[in-house]
Amino acid sequence: MKITNKFKVPETLMTLANRSSYSKGKADYSVTEIISSPRIKRLQSAHWSEMQQDVSEMLWSLMGSALHVVAENGQTENHITEERLFVEVDGVTLSGAIDLQHIVGGQCEITDYKFTSVWSLMNEKPEWVTQQNIYAWLVWKSKGIEVRSVRICALLRDWNRRDTVKDGYPPAPIQVVELPLWPLEKTEAYVKERIALHQSAKFLQDMEDELPLCTDEDRWVRGDKWAVKRDGRKTAIRVFEVEEEAIELAKKENGYVEYRKGEPIRCTGNYCSVSAWCSQYQQEINSGDEGSGLRPEGGA
Ligand code: SF4
């Protein structure tokens, strides 16, 4: 992948961007890769030499690299920072880099730093749970150390003090979130299932339905919504995630219900590096069904 510099930012950032372009060491797969969609991984392998990203779009990944340096400087007793672990499983090597392992009484507590949005913190992120549990499994398999807890330390890039009066809004821009720990057998079964899925897609072409489609979860589809509207008013009175609730309010307000199709944010929001080569997404664009628009439906 080529990193460009359209806005002539200092060369230091270019060097950092090139250095930090993701490495999984001598592994076949990284933890983030096996959690992610086989379609994305396969298309990245096929089009890596054609892919481009401008350094100006890499702000948060550069900040992530900077944070790792800061974390290493803050090294404390019994803290292991930035360790990459490798495990052989079903003939392939899986690796994962763990931000922080804190050894307490012979057991390990794992913490992963994430620059993220307030929205992500306030909504469920099942991939955080999966990723941290695979790290726990890697620690157990490669070092024989039992992990007793996993957590995220979220650094909220869009936190605003004025919004703290809102219900559920995080009270500070750094939040520690404890995550559930899976039994090791469950994690191992998951790892093997995902590796098998990726291995089976390894040589498939993105044509004639060969390559498995991305799921709604892979595509970060934000669910369907129903907006209650009224003639003569530009904005919706209220937006619901449950159609029946919208219909009920529309009756009271003498309005109507407008259906808003869920949107695959990863595809439409330029968060997928291979969207230009992906037949699943390109076919949706060509058929006008990529889910970014409104589709009025029904009334009350
Ligand atoms: S564009 Fe969307 S559907 Fe295609 S690979 Fe990326 S996330 Fe999956």
Side-chain angles (χ1 to χ4, degrees), residues 1-4 17 20-24 27-61 64 92 94 96 114-117 119-121 123-132 134 157 190-191 193-225 259-295:
M1 183 167 73
K2 188 175 173 206
I3 297 173
T4 56
S20 67
S21 67
Y22 187 63
S23 159
K24 53 181 180 272
D28 299 291
Y29 296 102
S30 69
V31 170
T32 27
E33 278 176 345
I34 64 158
I35 293 171
S36 185
S37 140
R39 167 171 282 268
I40 296 177
K41 164 85 174 137
R42 176 71 191 106
L43 290 175
Q44 280 177 342
S45 302
H47 298 282
W48 188 255
S49 61
E50 302 157 76
M51 285 166 59
Q52 280 197 8
Q53 187 169 28
D54 195 70
V55 65
S56 61
E57 294 166 354
M58 297 173 71
L59 172 67
W60 293 108
S61 76
V92 300
L94 176 68
K114 294 223 182 280
F115 276 107
T116 189
S117 64
W119 187 93
S120 292
L121 187 77
N123 288 275
E124 277 191 22
K125 295 283 281 182
E127 64 272 28
W128 285 358
V129 177
T130 309
Q131 185 188 23
Q132 299 316 306
I134 299 178
R157 53 193 190 215
Y190 176 86
V191 167
E193 184 193 318
R194 294 301 299 180
I195 285 179
L197 204 62
H198 279 268
Q199 285 290 86
S200 64
K202 206 169 171 182
F203 301 107
L204 299 182
Q205 302 298 313
D206 188 16
M207 55 193 293
E208 294 171 7
D209 296 335
E210 264 197 37
L211 201 56
L213 297 177
C214 282
T215 63
D216 283 357
E217 201 179 335
D218 295 327
R219 309 178 76 200
W220 307 344
V221 172
R222 292 213 185 140
D224 293 355
K225 293 210 166 50
Y259 171 67
R260 294 181 177 178
K261 191 177 187 304
E263 185 178 350
I265 303 292
R266 193 174 200 172
C267 321
T268 59
N270 201 21
Y271 295 112
C272 178
S273 56
V274 291
S275 59
W277 298 282
C278 169
S279 66
Q280 180 178 359
Y281 179 49
Q282 292 302 323
Q283 278 168 16
E284 285 177 0
I285 293 177
N286 293 336
S287 66
D289 188 31
E290 71 272 32
S292 55
L294 302 182
R295 200 173 70 198

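Scope of the values below: all heavy atoms of this structure, side chains included, with no hydrogens, waters or symmetry mates. Order of listing sets the numbers, starting from 1, for every ligand and every atom in it.
Listed by chain and residue number, K125 satisfy the salt bridge (charged side-chain N to carboxylate O under 4.0 Å, His left out) test with E127 (two or more places apart in sequence, or in another chain). Residues satisfying the side-chain hydrogen bond (donor to acceptor under 3.5 Å, both in side chains) test with S49, not counting sequence neighbours, are none. For Q44, the side-chain hydrogen bond (donor to acceptor under 3.5 Å, both in side chains) test picks out S273, with sequence neighbours left out.
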**Q.** Steps toward side-chain contact (heavy atoms from CB on, under 4.5 Å) verdict (Y281, R39)
**A.** CA-CA 11 Å; Y281 179 49; R39 167 171 282 268; over 6 Å; no
Q | side-chain contact (heavy atoms from CB on, under 4.5 Å) assessment of H198 paired with I195 | A | CA-CA 5 Å; H198 279 268; I195 285 179; 5.8 Å; no
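Inspection of the environment of atom 2 (Fe) of ligand 1 yields the following protein N, O or S atoms under 2.8 Å: C267 SG.
In this structure, CZ on R157 lies 11.5 Å from NZ on K114, to the nearest 0.5 angstrom.
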